[in-house]
Amino acid sequence: MASQHLPELTVEILRSLLRVKGSSSSVGGKLSRNSMHPRLLSSPLPKPFLQIDDRLQCQQKSASFTLKTYRGPILAETGRQGWDFGRFFKTLYFFNGPPSPAKVRSEEKARRILGSGIDLVVGDITKESTLVPEYFKGVKKVFNAASVIVGPKEGDTPERAKYSQGIKFFEPEIKGDSPEMVEYVGMKNLLNAVKGNVGLRSGKLLFGCEDNSFKDLPWGALDDVVMGGVSESNFQIDTTGGENGGPTGIFKGVVSTANNGGFTSIRTRNFSTPENLSAYDGLELRLKGDGRRYKLIVRTSRDWDTVGYTASFDTVEGWQSIRLPFSSLRPIFRARTVSDAPPFDQSNIVSLQLMFSKFEYDGKLNPTFIEGPFQLPLSSIRAFIKDPITPRFVHVSSAGVTRPDRPGLDLSKQPPAVRLNKELDFILTFKLKGEDLIRESGMPYAIIRPCALTEEPAGADLIFDQGDNITGKISREEVAQICVAATESPYACDKTFEVKSVIPFSEPFTVDPENPPPEKDYNEYFKTLKDGVTGKEYLERSAVPV
């Protein structure tokens, strides 16, 4: 499916999900009473990918690493070393080891609603076993339209005719799973399941300090001894040598051109599990430069002697951050460009290597190369998301989530869900708790709180607001378009906002097909939004617990 059609298809699917928001799902072909939890995930697959999910409790590993030195100090002087077969063998041994959506009760109903143009996976966000990691591979953007089911106590028609009339026409109750399970536990499970693929605003640490722990890597020396040279290097951890007195790694050595050599490097062993950095745009090195040019080499193959995707970078004196976009990496094998190498696969990072070398690429030389000792302190390696950062997780919540416990509020003027929050198992309270999980997740997000959803067409003028104060109505189609537009706007990133149409409930809104309203530039609305405004400010000032 052509990529230019994906936004339009995404809007169509989201509109369908919003129309039938809050039903049941099936898992493995069996009917389930659990709440329906649709997810639309945008991915580079040929088709957009719809996920009707379950839950996954992916625990973040926060292992502690012992600070250590890999080898003793280097005592040799340039030009006076002899080639060392023992060191050559240890080098090979180190790296290679010893020689030798929509509310549906079934997939069938989902197909009827959404058509055959998408990949559909059925699950339940309240059941972590159905959030299979493979479902999310390559997914970079998530649209979440999950909701608990609310319906008439007295029952409804198969087409939910009573529900479509609105809560004011019937006595409501929660159907299926509770708001706590759907809006809070389900949100927690979904965030854990997609976080690794969607990415974190602050990036992903591969090496260095974070949260008072040190993430280490199995570095080993890989010098020109492998080709008969005598250069020598190592990698040490200095527990107090960092920029602010903390730990840092130090790549240091003595480089010599004797015996046709001229390079030193440190390389990690192959990772036991490849790093999936598909959510990110490159690697950032925090280091203390010395004015020389170095190389970073990233490998996607477990083979010993293979193509390394490489970028050279120049340093200046002092601490600095070097950003190397994945797009800048070039396939290199033994200092020569490989024109027919496979494309770089950032979802399968197997090892990293830092090099100081006399050689550049394709016969060129490093203009900053000098024989003798060198030292490059390296405090961290982190995958980064390039600027401007736009929302990767877009959640459709609800206006009114902060109002049930707000002091001084006239409940008679509030929507039914606000008045009946307690009777509906604290539906808005748990929606707010689910929102908080998103805000705390570290993922770039946008939280959209629509007022009452209608089947009217998009096109009416809109009011965007913050602080959770407005009431009114808005077209489901309009909300779907806002969701898609939010993923492309840095102004929508990390914002929470309410939205409604300027048309009052008493007036239906129609569109003349011969004279449709002009397309909106939603970015103009997003530009008015402020950071940190959620409506919880009223609760915090009044010290009312949520």
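Residue pairs meeting the salt bridge (charged side-chain N to carboxylate O under 4.0 Å, His left out) criterion with at least one partner in residues 496-505, sequence neighbours excluded, are Arg449-Glu498. Here salt bridge (charged side-chain N to carboxylate O under 4.0 Å, His left out) pairs that include residues 378-390, with residues two or more places apart or in two chains, are Glu210-Arg382. Listed by first then second residue, pairs satisfying side-chain hydrogen bond (donor to acceptor under 3.5 Å, both in side chains) with a partner in residues 458-467 number zero, not counting sequence neighbours.
Contact check on Lys141 versus Glu488 returns a salt bridge, with a Lys/Arg side-chain nitrogen under 4.0 Å from an Asp/Glu carboxylate oxygen. In summary, Lys153 and Glu173 do not engage in a salt bridge, as defined by a charged side-chain N under 4.0 Å from a carboxylate O. A salt bridge does not link Lys433 with Asp436: every distance from a Lys NZ or Arg NE/NH1/NH2 to an Asp or Glu carboxylate oxygen is 4.0 Å or more. Salt-bridge check for Glu435 with Lys431: failed, with every basic side-chain N at 4.0 Å or more from each acidic carboxylate O.
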Please report the C-alpha distance between Val394 and Asn144 in whole Å, then the side-chain angles of each, then the deciding distance to 0.1 Å, and finally whether the side-chain contact (heavy atoms from CB on, under 4.5 Å) criterion is met.
CA-CA 6 Å; Val394 178; Asn144 178 24; over 6 Å; no

How far apart are the C-alpha atoms of Leu190 and Phe393, what are their side-chain angles, what is the distance that settles it, and do they pass the side-chain contact (heavy atoms from CB on, under 4.5 Å) test?
CA-CA 11 Å; Leu190 178 65; Phe393 191 100; 3.8 Å; yes

Set out, in order, the CA-CA distance, both residues' side-chain angles and the distance that settles side-chain contact (heavy atoms from CB on, under 4.5 Å) for Tyr280 and Leu200, then state yes or no.
CA-CA 9 Å; Tyr280 301 97; Leu200 302 179; 3.9 Å; yes

Could you walk me through whether Arg476 and Glu456 pass the salt bridge (charged side-chain N to carboxylate O under 4.0 Å, His left out) test, one step at a time?
CA-CA 7 Å; Arg476 287 179 169 86; Glu456 295 173 343; over 6 Å; no

For Lys473 and Ile503, what are the C-alpha separation, side-chain angles and deciding distance, and is it a side-chain contact (heavy atoms from CB on, under 4.5 Å)?
CA-CA 8 Å; Lys473 67 176 181 178; Ile503 309 298; 3.9 Å; yes

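How far OG of Ser501 is from CD1 of Ile463: 8.0 Å, rounded to the nearest 0.5 Å. Here the CD-OG distance, from Glu243 to Ser380, works out to 9.0 Å after rounding to the nearest 0.5 Å. One finds the CG atom of Leu285 at 10.5 Å from the CZ atom of Phe384 (value rounded to the nearest 0.5 Å). Summarising the geometry, atom OG1 belonging to Thr126 is positioned 15.5 Å from atom OH belonging to Tyr184; distances are rounded to the nearest 0.5 Å. The structure places CD1 of Ile174 at 12.0 Å from CZ of Phe426, a figure rounded to the nearest 0.5 Å. A distance of 9.0 Å separates OG1 of Thr402 from CG of Leu428, quoted to the nearest 0.5 Å.
Here Phe344 pairs with Tyr309, Phe326 under the ring pair (Phe, Tyr, Trp, His ring centres under 6.0 Å) rule; sequence neighbours left out. In this view, Thr534 and Glu537 satisfy the side chain to side chain donor-acceptor pair (under 3.5 Å) rule, not counting sequence neighbours. Looking at residues two or more places apart in sequence or on another chain, you find a salt bridge (charged side-chain N to carboxylate O under 4.0 Å, His left out) between Glu524 and Lys527. Evaluation of the side chain to side chain contact (heavy atoms under 4.5 Å, CB included) rule for Pro325 yields Ser327, Ser328 as partners, not counting sequence neighbours. Residues forming a side chain to side chain donor-acceptor pair (under 3.5 Å) with Arg392 (at least two apart in sequence, or on another chain): none. Scanning for side chain to side chain contact (heavy atoms under 4.5 Å, CB included) contacts around Asn212 gives an empty result, with sequence neighbours left out. Scored by the side chain to side chain contact (heavy atoms under 4.5 Å, CB included) test, Ser489 finds Tyr491, Ala492, Asn523, Phe526 as partners (sequence neighbours excluded). Evaluation of the side chain to side chain donor-acceptor pair (under 3.5 Å) rule for Thr390 yields no partner, not counting sequence neighbours. Judged as a side chain to side chain donor-acceptor pair (under 3.5 Å), and not counting sequence neighbours, Asp512 has no contacts.
The main-chain N or O of Gly318 is found under 3.5 Å from a side-chain atom of Gln320 such that the two form a donor-acceptor pair. Within the 3.5 Å criterion, the main-chain N or O of Ala279 finds no donor-acceptor partner in the side chain of Lys204. Judged by distance alone, the side chain of Glu477 and the main-chain N or O of Ala458 form a donor-acceptor pair under 3.5 Å. Between the Ser379 side chain and the Arg286 main chain, a donor and an acceptor come within less than 3.5 Å of each other. Checked by atom type and distance alone, the side chain of Asn421 pairs as donor or acceptor with a backbone atom of Ile427 at under 3.5 Å. Remark: side-chain polar atoms of Ser347 are not paired, donor with acceptor, to backbone N or O of Ser278 under 3.5 angstrom. Side chain of Asn244 to backbone of Gly246: no donor-acceptor contact under 3.5 angstrom is found.
Of all heavy-atom pairs between Leu283 and Ile381, the closest is CD2-CG2, 4.4 Å. Shortest non-hydrogen contact noted between Leu191 and Ser441 is CD1-CB, 4.4 Å. Here the closest non-hydrogen pair linking Ser178 and Val148 is C-CG2, 4.0 Å. Taking every heavy atom of both residues into account, Thr471 and Lys413 meet most closely at CG2-O, 4.5 Å. Residues Val401 and Ser398 come closest through the heavy atom pair CG1-O, 3.1 Å. Between Tyr538 and Gly467, the closest heavy-atom pair is CE1-O, 3.4 Å.
Residues Tyr522 and Gln481 have side chains that bring a donor and an acceptor to within less than 3.5 angstrom of each other. Under 3.5 Å, the side chains of Asn197 and Asn276 contain a donor-acceptor pair of N or O atoms. Inspection of the Asp211 and Ser213 side chains reveals no N or O donor paired with an N or O acceptor under 3.5 Å.
Here the side chains of Lys536 and Leu432 are in contact, with some heavy-atom distance below 4.5 Å. Contact check for Ile482 versus Ile448: side-chain heavy atoms found under the 4.5 Å cut-off. At a threshold of 4.5 Å between non-hydrogen side-chain atoms, the residues Tyr445 and Pro391 do not count as touching. Taking 4.5 Å as the limit, some side-chain heavy atom of Gln414 sits within range of a side-chain heavy atom of Leu409. Within the 4.5 Å cutoff, side-chain heavy atoms of Arg403 are placed close to those of Pro415. Residues Met443 and Ile438 have side chains not in contact (no heavy-atom distance under 4.5 Å, counting atoms from C-beta outward). For the pair Ile125 and Val185, the minimum side-chain heavy-atom distance is 4.5 Å or more. Contact of the Arg439 side chain with the Ile447 side chain is registered, since non-hydrogen atoms from C-beta on lie closer than 4.5 Å.
Outside the 6.0 Å centre-distance limit, the rings of Phe497 and Tyr525 are not counted as a close aromatic pair.
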